[in-house]
Q: 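One structure follows; several queries about it will come next.
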Amino acid sequence: MKKQFAVIGLGRFGTSVCKELYKLGHEVLAIDHQEEKVNDITPHSTHSVIANGTDEKALQSLGIRNFDYVIVAIGDDIQSSILTTLLLKELGVKKVWVKAQNYYHQRVLEKIGADRIVHPEQDMGIRLAQHITSEKIIDYIELSADYSIVELLATEKVAGKSLVELNVRARYGCTILGIKRGEEINIAPVPTDQVEQDDVLIVIGHKNDLKRFEDEGL
C-alpha cells in the first residue's frame, strides 16, 4: 500500500532513506536547506524542496501534517533536530521518526513526543557484531532490549527435519516465521515443512532463547 513520507535532512542517512522509500513505490517529499542536496535527491523523490525544518510556516505550507510519516534525519545539529521534532508534533503529524545522535539527544526526543527514535550507527554496529561473531547469523534486527529477529543458517544437523520434529518453540521458546531457500521464501511454514541445509531460518524470540537455539539447535 502506497504511503506518504517526508524526509527532513538529506545527509547520508536521509538520502538513503529517501532513495529506498522511493524505490519501493511510495510518495516521498525530500526537504533540506541546502540547494545542492535537494537537487541531488530530485531524481529519487516525488517532490524535493529547499526549506528549513525549523521554519513552522514552511512546514505548514508543505502540508506536512498530512503525511503518514515524517523522518527527521538532521545530522549534527541537535538543536535543529529537537526543534523540528517539536514543531512536527505540534502541527499534528501522526508518526515522527527521528535520528538521534546520542543518549541525551534521545532523552529529549522522548520527552517531546517522538514516536520512534533510531540510532543508525549503533544499530548497524550491533548487526555487524552479531554477524561477525557467528557463522550462522545472516542478519539481525533488534526489536527491543530483549527481543530480536534473526536470520540463521540451517546446518547439516537440522537438514531433512520438519518443523514439528525440530519443535523449536517448545524446546527453545522461539518461533520460526519463515524459511528462505535460494530466491524463494516461505512466509507461512507449516509443521510438516522440511528444513534443508543452507536454508535461512527467520526466527523471532527473546535474545537468550535465540542464542540457545543458535548454539544448541543448529
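Fair warning: this is a prediction, and the values are worked out from it, not measured in the lab.
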Q: Closest heavy-atom contact between Tyr22 and Val28?
A: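 Distance-wise, the nearest heavy atoms are N-CG2, 3.7 Å.
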
Q: Which heavy atom in Gly217 sits nearest to a heavy atom in Val158, and how many Å separate them?
A: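 So the minimum-distance heavy-atom pair works out to O-CG1, 3.2 Å.
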
Q: Is the side chain of Glu184 donor-acceptor paired with the backbone N or O of Arg181 at a distance under 3.5 Å, no angle test?
A: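 Such a contact is absent between Glu184 side chain and Arg181 backbone.
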
Q: Distance check, rounded to the nearest 0.5 Å: Ile176 atom CD1 versus Ile204 atom CD1?
A: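 Ile176 CD1 to Ile204 CD1: 12.5 Å, rounded to 0.5 Å.
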
Q: Considering all heavy atoms of both residues, which atom of Leu210 and which atom of Ser148 are nearest to each other, and what is their separation?
A: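 Where Leu210 meets Ser148 most closely, the heavy atoms are CD1-O, 3.5 Å.
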
Q: If every non-hydrogen atom of Leu153 is compared with every non-hydrogen atom of Leu218, which pair is closest and at what distance?
A: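 In terms of heavy atoms, the two residues are closest at O-CD1, 4.0 Å.
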
Q: Return a table of donor-acceptor pairs under 3.5 angstrom between the side chains of residues 8-21 and protein atoms on other chains or two or more places apart.
A:
from: Thr15; atom 1: OG1; to: Leu10; atom 2: O; distance (Å): 3.1
from: Thr15; atom 1: OG1; to: Gly11; atom 2: O; distance (Å): 2.8
from: Glu20; atom 1: OE1; to: Lys23; atom 2: NZ; distance (Å): 3.4

Q: Distance check, rounded to the nearest 0.5 Å: Leu24 atom CG versus Lys2 atom NZ?
A: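 If we round to the nearest 0.5 Å, Leu24:CG and Lys2:NZ are 12.0 Å apart.
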
Q: Output the distance between atom CD1 (Ile31) and atom CD1 (Ile41), rounded to the nearest 0.5 Å.
A: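 The distance works out to 12.5 Å.
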
Q: Is there a donor in the side chain of Glu156 and an acceptor in the side chain of Gln197, or the other way round, less than 3.5 Å apart?
A: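 Per modelled atom types, Glu156 and Gln197 side chains form no pair under 3.5 Å.
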
Q: For residues Leu83 and Leu62: do they belong to one hydrophobic cluster (side chain heavy atoms under 4.5 Å, members Ile, Leu, Val, Met, Phe, Trp, Tyr)?
A: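 Yes, same cluster.
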
Q: Does atom CG (Asp76) have a neighbourhood of more than 12 heavy atoms from anything else shown, all under 6.0 Å?
A: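 Check fails, neighbour count at 12 or below.
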
Q: Kindly compute the distance separating CG (Leu87) from OG1 (Thr54), expressed to the nearest 0.5 Å.
A: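 Going from CG on Leu87 over to OG1 on Thr54, the span is 7.5 Å.
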
Q: Hey, quick one: are Val70 and Val118 part of the same hydrophobic cluster, counting side-chain heavy atoms closer than 4.5 Å, chains of contacts allowed?
A: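 Cluster IDs for Val70 and Val118 differ.
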
Q: Output all residues satisfying side-chain contact (heavy atoms from CB on, under 4.5 Å) with Asp209, sequence neighbours left out; order by chain, then residue number.
A: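 Partners of Asp209 by the side-chain contact (heavy atoms from CB on, under 4.5 Å) criterion, ordered by chain and then number, come out as Cys174, His206, Arg212.
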
Q: Quick check: is Val108 connected to Ile71 through a chain of hydrophobic side chains (ILVMFWY, heavy atoms under 4.5 Å apart)?
A: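 As far as the 4.5 Å side-chain criterion goes, Val108 and Ile71 are not connected within one cluster.
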
Q: Donor-acceptor pair, distance only, cut-off 3.5 Å: does the side chain of Ser61 make one with the backbone of Ala58?
A: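 Looks like yes, one N/O pair under 3.5 Å.
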
Q: So do the side chains of Val195 and Leu163 get within less than 4.5 Å of each other, counting heavy atoms only?
A: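 A side-chain contact under 4.5 Å exists here.
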
Q: Please collect all salt bridge (Lys or Arg N to Asp or Glu O under 4.0 Å) contacts where either partner lies in residues 61-72, sequence neighbours excluded, each pair once.
A: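 Every pair satisfying salt bridge (Lys or Arg N to Asp or Glu O under 4.0 Å) with a residue in residues 61-72: there are none.
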
Q: Looking only at heavy atoms, which two atoms of Lys3 and His26 are closest? And how far apart?
A: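 Heavy-atom minimum between the residues: N-ND1, 3.0 Å.
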
Q: Using side-chain heavy atoms (C-beta onward) and a distance below 4.5 Å, is Gln106 in contact with His119?
A: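 They are in contact (side-chain heavy atoms under 4.5 Å apart), so the answer is yes.
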
Q: Evaluate the side-chain proximity of Gln60 to Glu56: yes if any heavy-atom separation is below 4.5 Å, no if none is.
A: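 They are in contact (side-chain heavy atoms under 4.5 Å apart), so the answer is yes.
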
Q: Looking at CD of Glu27 and CZ of Phe67, how far apart are the two atoms once the value is rounded to the nearest 0.5 Å?
A: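 The CD atom of Glu27 sits 8.0 Å away from the CZ atom of Phe67.
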
Q: Distance from Leu29 atom CG to Thr46 atom OG1, nearest 0.5 Å?
A: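 OG1 of Thr46 is found 8.5 Å from CG of Leu29.
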
Q: With sequence neighbours left out, write down each residue that passes side-chain contact (heavy atoms from CB on, under 4.5 Å) with Lys157, or none if nothing qualifies.
A: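 Scan of Lys157 (side-chain contact (heavy atoms from CB on, under 4.5 Å), adjacent residues dropped) gives Thr155.
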
Q: Can you give me the closest heavy-atom contact between Ile179 and Pro189, atom names plus distance?
A: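 Closest approach of Ile179 to Pro189, heavy atoms only: CD1-CB, 4.1 Å.
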
Q: Are Ile112 and Ile64 linked, directly or through other ILVMFWY residues, by side chains that come within less than 4.5 angstrom of each other?
A: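 They do share one cluster, since a chain of ILVMFWY contacts under 4.5 Å joins Ile112 to Ile64.
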
Q: Quick one: do Ile117 and Ile78 end up in the same hydrophobic cluster if we chain Ile, Leu, Val, Met, Phe, Trp and Tyr together by side-chain heavy atoms under 4.5 Å apart?
A: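 Shared cluster, yes.
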
Q: Please tabulate, one pair per line, all N/O donor-acceptor pairs under 3.5 Å involving side-chain atoms of residues 89-100, not counting sequence neighbours.
A:
from: Lys89; atom 1: NZ; to: Val93; atom 2: O; distance (Å): 3.1
from: Lys89; atom 1: NZ; to: Asp115; atom 2: OD2; distance (Å): 2.9

Q: Does anything in residues 29-44 pair up under side chain to side chain donor-acceptor pair (under 3.5 Å), and if so which pairs, sequence neighbours excluded?
A: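 Checked against side chain to side chain donor-acceptor pair (under 3.5 Å) - neighbours excluded - the pairs reaching residues 29-44 are Thr42-Ser48.
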
